[in-house]
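For reference, the structure discussed in these notes is given below.
Since we're looking at a predicted model, the values are computed, not measured. So that the names make sense, note that chain A is the first sequence line, chain B the second, and so on, each numbered from 1.
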Amino acid sequence: MKIATWNVNSVRFRAQLVTRFLRDEQPDVLCLQETKVENGLFPALPFHKLGYTHQAIHGQKAYHGVAVLSKIPFRTSGRETGVQDFCREGHARHMGVTLANGVELHNFYVPAGGDIPDPVQNPKFDHKLHFLAEMEKFFARRKAKSDPVILVGDLNVAPLENDVWNHKQLLGIVSHTPVETRLLGEVQAAFDWTDTTRHFVPPEEKIYSWWSYRAADWEASDRGRRLDHVWASPGLKAALRSQKIVRKMRGWQKASDHVPVVVEFDL
DNA sequence: ATGGTGGTCCTACCA
């Protein structure tokens with residue numbers, strides 16, 4: 001089973017890039033974040049035509065929004081099943097589905113958190129910390145860690161030193177501050193999640209999934225961050241087969257600032 | 001130290 005996650009930054013603006021990716025990579029399931037569209041206007045047809053006939057969509061106008069496109073049927077039915085309320089602001093930032101093979105899949109778009117890394121001065125940062133704490137509570141509550149569960153998404157935190165282009169320089173920058181990386185570590189510990197990218201890529205090696213639009217030349221400066229993640233539950237760790245971050249897609253015309261993470265499981 | 005770009009929707013907001 002091949003699972004992909006991608007912050008697409010508007011699924012309508014980039015629908016053709018989504019179909020290109022689906023043709024190239026042929027994942028069984030693609031989880032999207034920042035779809036930026038309400039459910040009635042979601043471009044379902046081009047993905048349906050490629051075999052992604054099972055679509056769990058949770059969107060809203062202009063901002064946020066998540067979706068799961070799947071070749072594998074869902075056990076749950078309907079277009080809006082599985083949404084949990086991690087988000088006190090009422091944003092569309094989570095969609096959960098259970099696949100026909102029994103795998104439970106959670107797709108997250110964690111709040112970016114604004115510019116100032118202080119929850120008192122900056123309500124967006126406070127909201128981000130609250131959202132992560134809610135994620136931790138949700139998974140800590142569950143007992144059966146042997147269940148096959150996958151958590152993916154734009155978590156908007158780059159946890160390790162080599163998940164950013166310059167660790168010391170980014171310690172005060174939202175996405176890599178100690179309070180965020182500690183909290184994400186607690187979310188990870190709450191369910192003994194395996195960070196699948198780091199399962200395959202040693203921590204000494206720099207690897208990123210996001211490059212700012214503001215760089216004159218994203219590739220030359222290579223000032224990236226690893227904000228996009230696929231986590232596997234303990235019961236799925238032995239089934240991990242491969243991971244890749246599709247860096248070349250940052251160079252496509254009309255690229256998203258994020259690129260997909262693709263993980264294969266032997267199931 | 002600053003501003004740099006891009007999507008949504010139309011005046012800023014968000015990333």
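Every residue meeting the ring pair (Phe, Tyr, Trp, His ring centres under 6.0 Å) condition with A:His91, not counting sequence neighbours, appears here in chain and number order: A:His64, A:His127. A:His167 meets the ring pair (Phe, Tyr, Trp, His ring centres under 6.0 Å) test with A:His176; sequence neighbours excluded. With sequence neighbours excluded, the residues that form a side chain to side chain contact (heavy atoms under 4.5 Å, CB included) with A:Lys244 are A:Glu25, A:Val246, A:Val262. Scored by the side chain to side chain contact (heavy atoms under 4.5 Å, CB included) test, A:Ala112 finds A:Asn156 as partners (sequence neighbours excluded).
For B:dG3 and B:dC9, the P atoms lie 28 Å apart once the distance is rounded to whole Å. Separating the P atom of B:dG6 from that of B:dT2 is a span of 23 Å, rounded to the nearest Å. The separation of B:dG4 from B:dA15, taken at their C1' atoms, amounts to 14 Å, rounded to a whole angstrom.
Counting only residues at least two apart or in different chains, salt bridge (Lys or Arg N to Asp or Glu O under 4.0 Å) contacts with residues 103-123 of chain A comprise A:Glu104-A:Arg142.
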(request) Could you walk me through whether A:Asn9 and A:Ser256 pass the side chain to side chain donor-acceptor pair (under 3.5 Å) test, one step at a time? (result) CA-CA 6 Å; A:Asn9 186 17; A:Ser256 170; 5.1 Å; no
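Residues of residues 208-231 of chain A that place a heavy atom closer than 4.0 Å to DNA chain B, in numerical order, are A:Tyr213, A:Arg214.
A straight line from CG of A:Asp154 to C1' of B:dC14 spans 13 Å, rounded to a whole angstrom. Between the CG atom of A:Asn7 and the P atom of B:dG7 there is a distance of 13 Å, given to the nearest Å. Computed from coordinates, the A:Asp257 CG to B:dG4 P distance equals 18 Å when rounded to whole Å. For the pair A:Glu34 CD and B:dG6 P, the computed distance is 15 Å after rounding to whole Å. Rounding to whole angstrom units, OH of residue A:Tyr109 and P of B:dG7 are separated by 14 Å. Protein atom CD1 of A:Ile173 is 17 Å distant from nucleotide atom P of B:dG4, rounded to whole Å. Across the protein-nucleic acid pair, A:Asn122 atom CG and B:dC14 atom C1' stand 12 Å apart, rounded to whole Å. Separating the CD1 atom of A:Ile116 from the P atom of B:dC14 is a distance of 13 Å, rounded to the nearest angstrom.
Through chains of ILVMFWY side-chain contacts below 4.5 Å, A:Leu227 is grouped with A:Trp210. In this structure, A:Tyr63 stands alone, with no Ile, Leu, Val, Met, Phe, Trp or Tyr side-chain heavy atom under 4.5 Å from its own, directly or through other members. The hydrophobic cluster of A:Leu45 has no other members, since no ILVMFWY side-chain heavy atom comes under 4.5 Å of it. Grouping Ile, Leu, Val, Met, Phe, Trp and Tyr by side-chain contacts under 4.5 Å, direct or through others, puts A:Leu132 with A:Phe86, A:Phe108, A:Val110, A:Phe125, A:Leu129, A:Phe131, A:Met135, A:Phe138, A:Phe139, A:Val149, A:Leu151, A:Leu155, A:Val157, A:Val174, A:Val179, A:Leu183, A:Leu184, A:Val187, A:Phe191, A:Trp193, A:Trp231.
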Strictly under 3.5 Å: I want the nitrogen or oxygen pairs between protein and nucleotides 8-11 of chain B, one per line.
{"unit_1": "B:dT8", "atom_1": "OP1", "unit_2": "A:Ser10", "atom_2": "OG", "d": "2.2"}

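Where A:Gly113 and A:Ala255 meet DNA chain B, the nucleotide closest to each residue was compared, and A:Ala255 sits on the side nearer the 5' end.
A:Arg14 places a side-chain N or O within 3.5 Å of a backbone atom of A:Val8 that can act as its donor or acceptor partner.
A:Arg93 comes within 4.0 angstrom of the backbone, heavy atoms only, and of no base.
Consecutive Watson-Crick or G-U pairs involving DNA chain B, each under 3.5 Å on both distances, make up stems of three or more pairs at B:5-8 with B:12-15.
At a cut-off of 3.5 Å, with distance as the only test, a side-chain donor of A:His106 or A:His94 sits close to an acceptor on the other residue.
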